[in-house]
Amino acid sequence: DPSLSGPLGLVAEVKLLKENGVDKIHELTGEHMFSESKSFLFLVRPRPHLMKYVAKQIHNDAKKGLKKDYTIFFVPRRTMLCERVLSEEGVY
């Protein structure tokens with residue numbers, strides 16, 4: 001989530017994240033994010049339009065036959081609306 005880039009930098013520097021296994025950091029947009037990593041971690045605010053971006057990423061990877069593990073961390077908390085959007089998109 002682009003709005004979390006600044007606060008994330010206050011908690012953990014990019015160097016520290018990379019030392020602990022983070023391959024790349026991408027801002028979540030409607031564009032497909034390619035990574036050879038087998039795991040994706042989405043750090044997002046609970047906004048329905050962001051859930052559609054997450055679902056699009058997962059569907060694009062599935063179309064290419066890529067099997068990955070996806071984890072979503074909601075800041076500050078998850079919402080039922082976001083869970084419903086993920087469910088409707090078929091990725092919950």
S.K.: So does Glu89 get a backbone contact from the side chain of His59, meaning a donor-acceptor N/O pair under 3.5 Å?
M.R.: yes

S.K.: So if you build clusters from Ile, Leu, Val, Met, Phe, Trp, Tyr with side-chain heavy-atom gaps below 4.5 Å, do Met51 and Tyr92 land together?
M.R.: yes

S.K.: What heavy-atom pair brings Ile58 and Val91 nearest, and what distance separates the two atoms?
M.R.: CG2-CG1, 3.8 Å

S.K.: Of all the heavy-atom pairs spanning Ser35 and Asp23, show the shortest one and how long it is.
M.R.: OG-OD2, 3.4 Å

S.K.: Please answer whether the main-chain N or O of Met33 pairs with a side-chain N or O of Lys24 as donor and acceptor at a distance below 3.5 Å.
M.R.: no

S.K.: Under 6.0 Å from the CD atom of Glu36, do we count more than 12 heavy atoms belonging to anything else shown?
M.R.: no

S.K.: Just wondering, do Lys64 and His32 contact through their side chains at under 4.5 Å, heavy atoms?
M.R.: yes

S.K.: Where is the tightest heavy-atom contact between Leu50 and Arg45, given as atom of each residue plus distance?
M.R.: CD1-O, 3.7 Å

S.K.: First locate atom CD1 of Ile25, then atom CG of Leu41, and finally report the distance between them rounded to the nearest 0.5 Å.
M.R.: 10.0 Å

S.K.: To the nearest 0.5 Å, how far apart are NE2 in His49 and SG in Cys82?
M.R.: 9.5 Å

S.K.: Quick check for you: to the nearest 0.5 Å, what is the distance between Glu83 atom CD and Leu81 atom CG?
M.R.: 10.0 Å

S.K.: By side-chain contact (heavy atoms from CB on, under 4.5 Å), which residues pair with Ile72, not counting sequence neighbours?
M.R.: Phe42, Val44, Val54, Phe74, Leu86

S.K.: Does the Lys68 side chain pair with the main chain of Phe40, one donor and one acceptor, at a distance under 3.5 Å?
M.R.: no

S.K.: Does the pair Asp61 and Tyr70 meet the rule for a side-chain contact (heavy atoms from CB on, under 4.5 Å), with working shown?
M.R.: CA-CA 11 Å; Asp61 285 345; Tyr70 302 94; 2.7 Å; yes

